[in-house]
Amino acid sequence: MPLVNYTEDPLHVLHPKDGAAGTDRPKALLAAVEEDPDPLLKLAASHVVSSQQFSRDELLQLFRLAAQYETTPALMHLPLAGKILISAFYEPSTRTRLSFESAWHRLGGSVMSITDPKSTGIAKGESLADIAEMFNNYGDVLVLRSSDGEAAHNMLENLRIPLVNAGNGIDEHPTQALADVYALAKWRPELFTGEVAPEQRIKVGIIGVPSRMRTVRSLLRLLSLFPQAIDEIVLVSREDENFDPGQREELEEAGISLRVVHDLDPALPDLDVVYINAIAWVGDTFEAMGEGLKLDRHSPLKEGAVVLHPLARGEELSTDLDATPHNWYFAQARGAVFVRMALLTTVVRRISAVMDTPDG
Amino acid sequence: MPLVNYTEDPLHVLHPKDGAAGTDRPKALLAAVEEDPDPLLKLAASHVVSSQQFSRDELLQLFRLAAQYETTPALMHLPLAGKILISAFYEPSTRTRLSFESAWHRLGGSVMSITDPKSTGIAKGESLADIAEMFNNYGDVLVLRSSDGEAAHNMLENLRIPLVNAGNGIDEHPTQALADVYALAKWRPELFTGEVAPEQRIKVGIIGVPSRMRTVRSLLRLLSLFPQAIDEIVLVSREDENFDPGQREELEEAGISLRVVHDLDPALPDLDVVYINAIAWVGDTFEAMGEGLKLDRHSPLKEGAVVLHPLARGEELSTDLDATPHNWYFAQARGAVFVRMALLTTVVRRISAVMDTPDG
Amino acid sequence: MPLVNYTEDPLHVLHPKDGAAGTDRPKALLAAVEEDPDPLLKLAASHVVSSQQFSRDELLQLFRLAAQYETTPALMHLPLAGKILISAFYEPSTRTRLSFESAWHRLGGSVMSITDPKSTGIAKGESLADIAEMFNNYGDVLVLRSSDGEAAHNMLENLRIPLVNAGNGIDEHPTQALADVYALAKWRPELFTGEVAPEQRIKVGIIGVPSRMRTVRSLLRLLSLFPQAIDEIVLVSREDENFDPGQREELEEAGISLRVVHDLDPALPDLDVVYINAIAWVGDTFEAMGEGLKLDRHSPLKEGAVVLHPLARGEELSTDLDATPHNWYFAQARGAVFVRMALLTTVVRRISAVMDTPDG
């Protein structure tokens, strides 16, 4: 390696920590939603397993609280000091794990991580019920990721602390969907907070297969709470079978207009939002969606359109889009911590510490 | 996986967090023991390597403090903030490790975990003495588990921070024994706090081999501090040789009456307490104790008898006992965190923060 | 294993926690340097990648603050509560990792560790730029160790939180060098704080190969800031080529007189400081420096000479020197935590919490 002369190298000078997309957008979102603790107090009585559990009002209040965290870092004097998050990642995931742990630490709490399945009781044949009983004694909330779609469900009967599903097999990934829709709520708050004129409604392109991609399944369920804002969802997929039985009907009954296309580029000029996520979870292997489903600076993106990606990305999303206004995935990644802060504050019943509540 | 309709599924509703056996029992224990800081101040001057180190008075005060933590979670305003526990588990153990770390976090402290022996100096041939010197600089207390029975002993000469033995080979597991006896003290406080009429004394069955099971060895030593409460200890074992040289004599000199039997079921109708732990640590492999040493709903358990198990359990303890009054192992597991909180508060010399002391 | 009778064994009695070399030396250092926040406020504007970045004044103020931490543990009421250190060790290192994490915890902060490269995005082909973007969102400072010498450099462009290099390939290990020189500053503060009479200047022996040992490279750069204190640096090496192009010239231009010798023992009687570090990092294997480069009680060490070693040690440094006054490596190891506390306080811009500053 060549010797670097640091006295001449400007690279070690620290950049300002402004954050992706700044704080103007979350401030606008904060202004657009009126504070109401009731939906969150209601949400506090349940585990978080599926996107389907959220109501529209719960989402808006979660996003409002997330925006508050994003704009006012010193909002609270560490309301979760002495509280313990059990971070059980039986399927590896640095990004989601650190996002949850960062959210919890920002609130003053402590974390106990389980990242090596081999060191756990599960490997020794201990039942999920017994492990749930152990977690009851050791922590205040359980964040669980597992490649086994049933594991989260099977623990519920024995858990007395709230479980937050951080991805269970091909089933759901509800907090990723929260981060996705929070990014859109920051982008255009007015879409989520009231009636939307027909010509203002947006077209959302989603690249993926809803029947076997948990992020897509969870995202569709959250979007279906806002039919008044969505003109159409365009699903881009190379597959012939994209939906589980009943999955498409569930969305259409919620008022979502769904269209499936095979090619990305012809659809792009009409899309206001493009959600891309090239890595599909299939059983216990990863599968690329194939050629022709990529975005770069030469893609025919509509002016003003934003691109979302849950990251980490591969070749499907070129870095040459990073410096363009289409890059909304960095704002999405940044918001993922704040929206998890809002959710965790809710499920451990500390809403009264950050909002005016009847019992606060 | 079939689609779950969460709007109809009641499972995601959170159960009340009442805890195993509630708080009545620890409250009774708290009432039965008079507060006295002196025994704990004395204990604070030593490492905790063996059950043999505890006196009867030290145990009672530890149990009293544990009961106080169990009934009054907000007893203290995080007395260990800024203090560091080094959690060195050179032998994997999620349950014991998380129990210690949870106890420490509850008190406001920070944890540094070492769970991968390959990433430590030991693997590179670093001496235990040098590692001890490193730990002196980095933490305030060392919790050590090792499959090498000598490791804990060999570190003592160089350690200036207290060591707490979390299981050393087949030798001892003193904090598991604390949790075991704390469970009994919650069950019937009067057995431990004064004279016991002969007809009130209990028969304790222990399934296991004292010479090679560290939990059994440590438990027997703690029980031997309460001969006035114990009519007889019945050891259930399929082996012919169950004791190390001197081990049986040590117990009998302490006033414990010991009997060894080969079969479980004939002994059960007389036992007030049954301690079961089917997994024996032998060298570096696990060995099941064999058929015929199992408990389930059809076992001839005495009315009012309680079952203890250090968990994780295997086939030897049927889940069909979970919903019966014989299940005292969940109360035992729950108490394991609180009794470790009491011990850790003691060894890092913060007793004055939670009890009235001459220098407090 | 023989039964230990703990009632007769004195080993479990806790030693007083006095620490290596006590607190007299750091107190003397503290008294010798006048407090001045300006150099640290300047340092706070950069990443810490290389020893070459530090000025003499920055070093002195860092050492002063480290001495303050070493002598006054309760200096601050946890100024980093709620702040997050990302501890990314893509190359295993228990000692350096725990030293950083302990330093951060002592200041009240939280830690997120990444110790398994396989669980990170890097293994999945994620770019360092994207990982840097993720870290921006999750933490307040990044401590990075990598066997890839370029990794730290390649992250800088995208990082908006400060990076502290904890060892990058064979390039640099600047915080180890800080610990090394802090140990010397505690040993003889007058060498570092003013003019030194010619007969008081010291001879420093360094066993190692500067071109491929990052600790040696970083140490030499820091020592070159104090030419007024150093009569000569004697490099002990069995190699013919010891320097990268320009490396020797850089030191000599700074006013350091350098001599290379092949044998240790003939040089020893003249040396005031002996820095030994027998393990050389070469590509991705370790290589011992060979026979004849060892220190023990029979080595012809000068009276009053001190030995430094970054630890962990192997056969090259005998434990029979531990109890002699030549042992300054334990004081060095102890100070490593405090000097990292000083550096971390600086880079996360909390100097005003511990020193009087214009904006404090």
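Bear in mind that the values here come from a model prediction, so they are computed numbers and not experimental data. Chain naming here is simple, since letters A, B, ... match the order of the sequence lines and numbering starts at 1 in each.
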(message) Does any backbone or side-chain atom of B:Ala44 lie under 4.5 Å from a heavy atom of chain C? Answer side chain, backbone, both or neither.
(response)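 Backbone only.
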
(request) Answer yes or no: are there more than 12 heavy-atom neighbours, outside B:Glu249 itself, under 6.0 Å from its atom CD? (result)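 More than 12 heavy atoms, drawn from other residues, nucleotides or ligands, come within 6.0 Å of this atom.
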
(request) Heavy atoms only: give me the nearest C:Arg97-B:Ser113 pair and the separation to one decimal. (result)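 Shortest heavy-atom separation between C:Arg97 and B:Ser113 comes out as NH2-O, 3.3 Å.
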
(request) Of all the heavy-atom pairs spanning C:Phe330 and B:Asn137, show the shortest one and how long it is. (result)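 So the two residues come closest at O-ND2, 4.5 Å.
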
(request) From the options B:Asp140, B:Ile84, B:Leu85, B:Val111, select the one residue that forms a side chain to side chain contact (heavy atoms under 4.5 Å, CB included) with C:His105. (result)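 With C:His105 as partner, side chain to side chain contact (heavy atoms under 4.5 Å, CB included) holds for just one option, B:Ile84.
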
(request) Hey, could you give me each pair passing salt bridge (Lys or Arg N to Asp or Glu O under 4.0 Å) that has a residue in residues 39-52 of chain B? Not counting sequence neighbours. (result)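 Residue pairs passing salt bridge (Lys or Arg N to Asp or Glu O under 4.0 Å), neighbours aside: B:Lys42-B:Glu58.
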
Please round to the nearest 0.5 Å and tell me the distance separating atom [atom1] of [X] and atom [atom2] of [Y].
X	Y	atom1	atom2	value
C:Arg106	B:Ser110	CZ	OG	9.0 Å
C:Thr94	B:Met134	OG1	CE	6.5 Å
C:Trp104	B:Met112	CH2	CE	15.0 Å

(message) Test your reading of the model: is there a side-chain donor-acceptor pair from B:Tyr138 to the backbone of C:Glu101, 3.5 Å cut-off?
(response)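 Absent.
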
(message) Going by the rule salt bridge (Lys or Arg N to Asp or Glu O under 4.0 Å), which residues pair with C:Asp148 if we only count those two or more places apart in sequence or in a different chain?
(response)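 Testing C:Asp148 for salt bridge (Lys or Arg N to Asp or Glu O under 4.0 Å), a comparison that skips the adjacent residues, returns none.
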
(request) Flag the one option from C:Val337, C:Leu311, C:Leu98 with the top tally of heavy-atom pairs under 4.5 Å to chain B. (result)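 Most pairs with chain B among the choices: C:Leu98.
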
